[in-house]
Amino acid sequence: MSGTAASEAHGIYSFGTRAEEQAMIVMKFGGTSVGSPSAIERACSIIQSRADRHPLVVVSAIGDTTDRLVGAAEVGPVAGAEVLMGIRDRTESITRALVSGGAASEMVLFLDQAMAEASDLLRTLDSSSDGASPSAELDALLGIGERISSRLVTLALVHRGLAACNLDSRKLFISEARHGGASPLIEPTGERLRQTVPPIVSEGKVPVIGGFIATGEDGSPTTLGRGGSDYTASLAGAALGAEEVQIWTDVDGVMTADPSLVESARSLPLLSIREASELAYFGGRVLHPSTMLPAIESDIPIRVLNSRHSEAEGTLIVAEPSESETVVKSVVYKENITLIDIYSTRMLMAHGFLAQVFAIFEKHETPVDMVSTSEVSVSMTVDRTESLPDILEDLSEISDAEATPGKAIVCVVGEGIRYTPGIAAKVFNSLEGIRIRMISLGASRVNVGFVIDENDLEVAVRRLHATFFDEPRLRKGQLQ
Ligand code: ASP
Ligand code: MG
């Protein structure tokens, strides 16, 4: 899509033409990029150095705050009080390292109020049957992390002399009234953002919002799902017609593999949106999978950058990148996968069987990731297993079904895969000796994926990375 075509397109995520809009960018900082006083200082200087591009700043909760809040809900109000105390103390010490005087007291007061609210929520959750299952109260509890971090980053920016102001994301982002990960409602959200943000930005102020949180159309607290701050950023970028959405994280952009598994993993300068979507979904560990949707719709580039290494160019994700020489861009994986094998002789020559099978997953609201079928069997993978016992019970009425946990999906991703014969052969050669339980060449043909035992994961990822990234490089070097 060309820039002009995009600005004329009135897709679901964007409204109006860019010409009428205030030129601006969206800068999102993840948990580790606001995880300590020095990280927040770094984030603030990055924001300050780009103030002339009129940023809207989106922040995640500090470090692992959201995980800790989930933990508090799991252990209940008594043990949870200690978890809250831990969050409180850490946040207070970060606050005091960053700001002083009135700003510090204001922040500590806010923190105490937030913690009182959190402990009330823990008590309410405790009185309901399962405190850790999705609910408005749990969403309200988890959202406290972003409310705290956005306020603190605002104060830190003001402390440096920047005219920053904290906006409440709950008043800007409207979602469906679903808990534990709601879909945003694009129109009301876009309207509110466009009403609120551009006037602030044109006054030269820097608005700061918490990612992840929203309000359901029924007025209840919601979230956009774990890792959802990226989504907040791209939704805002699309609604505001931003020039770019920057995702500031703690790695040098999107990598050829998880650097904790593969030492020679390196960052990719350019990716297509389709590649990035596959990577995000299959555990690229950089972007929330939904992040790309608004960007595709509005043709807004996303840049993934390292806040510890801000001069590096990071990874640019665009709709139609220029031709690339590398066929395979990245080797990604997803752990904790459960494989479900379904056998039925009824399936033989019958129609409607698969529809019945999928209806069961639909009924239990469990997404299926990968599917492969033969005449008498279907295999599929799921990563959400809350409803697995019910699913298996329903499946047992129409088939013999068996679930095996402890699997991993490994995926080789790259647009070039569909034009390049022999990729699958190369993949299988590298996996010699490893038991492959299922294979799929996605319809988009941007990836080849397969299911293996979790125990084989490291070896598989390392071998594939060596095949597609290290060996050709070596050979090229040798020829020169
Ligand atoms: N703080 C939320 C989480 O950890 C959202 C985010 O970081 O994107 O899931
Ligand atoms: Mg996060």
Side-chain angles (χ1 to χ4, degrees), residues 26-36 39-40 43 56-74 83-84 86-87 90-91 94 111 114 117-118 121 132-135 137-153 166 168-170 172-173 175 178-184 189 208-215 221-237 245-251 254 276 279-281 283-295 302 304-307 334 336 383-384:
V26 175
M27 303 177 79
K28 181 258 172 180
F29 292 85
T32 49
S33 300
V34 293
S36 65
I40 296 180
L56 163 69
V57 175
V58 179
V59 294
S60 287
I62 291 170
D64 61 355
T65 303
T66 317
D67 288 332
R68 292 196 194 191
L69 291 167
V70 171
E74 278 164 6
V83 180
L84 296 185
I87 295 174
R90 178 174 67 179
T91 315
I94 296 178
L111 191 55
E117 193 183 323
L121 287 163
S133 64
S135 65
E137 289 75 20
L138 185 60
D139 280 347
L141 178 72
L142 301 192
I144 284 178
E146 268 72 7
R147 284 165 53 205
I148 293 173
S149 62
S150 59
R151 187 167 276 241
L152 181 53
V153 170
N166 187 199
D168 189 344
S169 304
R170 296 170 301 174
L172 297 172
F173 290 81
S175 74
R178 182 192 164 93
H179 300 288
S183 298
T189 301
V208 181
I209 59 174
F212 179 56
I213 47 181
T215 298
T222 59
T223 65
L224 303 181
R226 292 303 310 271
S229 296
D230 292 344
Y231 196 15
T232 303
S234 71
L235 286 165
V245 174
Q246 302 182 343
I247 305 289
W248 290 87
T249 172
D250 58 351
V251 290
V254 181
L279 291 177
Y281 178 70
R285 282 171 180 70
V286 175
L287 286 174
H288 182 275
S290 305
T291 312
M292 256 65 68
L293 299 173
I302 298 180
V304 181
L305 294 147
N306 190 346
S307 59
K334 205 169 181 186
N336 284 321
D383 69 347
R384 290 222 331 240

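Predicted model, so just to flag it, every value in this text is computed and none were measured. Both ligands and their constituent atoms are indexed starting at 1 by order of listing.
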Per-atom contacts of ligand 1 with [X], taking only distances under 4.0 Å to non-hydrogen atoms:
{"X": "Ser60", "value": "6 (C), 7 (O), 8 (O)"}
{"X": "Arg226", "value": "3 (C), 4 (O), 9 (O)"}
{"X": "Gly227", "value": "3 (C), 5 (C), 6 (C), 8 (O), 9 (O)"}

Next item on the list: In plain terms, say whether Glu146 and Arg151 are close enough for a salt bridge, that is, a side-chain N and a carboxylate O under 4.0 Å apart.
Entry: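 Here Glu146 does not pair with Arg151 in a salt bridge, since their nearest N and O are not under 4.0 Å apart.
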Notebook entry, point to check: Who are the salt bridge (charged side-chain N to carboxylate O under 4.0 Å, His left out) partners of Asp168, not counting sequence neighbours?
Noted result: Arg170
Note to self: Under 3.5 Å, is there a donor on one side chain and an acceptor on the other for Ser234 and Thr291?
What the structure shows: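 No, Thr291 and Ser234 have no side-chain donor paired with an acceptor closer than 3.5 Å.
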Margin query: Can you confirm whether the side chains of Thr65 and Arg90 place a donor and an acceptor under 3.5 Å from each other?
Written below: yes
Next item on the list: Record the part of Glu146 in heavy-atom contact with ligand 1 below 4.0 Å; permitted values are side chain, backbone, both and neither.
Entry: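 Within the 4.0 Å criterion, Glu146 contacts ligand 1 through side-chain atoms alone.
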Note to self: Donor-acceptor pair, distance only, cut-off 3.5 Å: does the side chain of Thr249 make one with the backbone of Asn306?
What the structure shows: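 The answer is no, because no donor-acceptor pair under 3.5 Å joins these two groups.
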Is the closest N or O pair between [X] and ligand 1 shorter than 3.5 Å?
{"X": "Ser229", "answer": "yes"}
{"X": "Phe212", "answer": "no"}
{"X": "Asp230", "answer": "no"}

Checklist line | Which residues share a side chain to side chain donor-acceptor pair (under 3.5 Å) with Ser307, sequence neighbours left out | finding: Ser33
Note to self: Tell me whether Gly228 reaches ligand 1 (any heavy atom closer than 4.0 angstrom to a ligand atom).
What the structure shows: yes
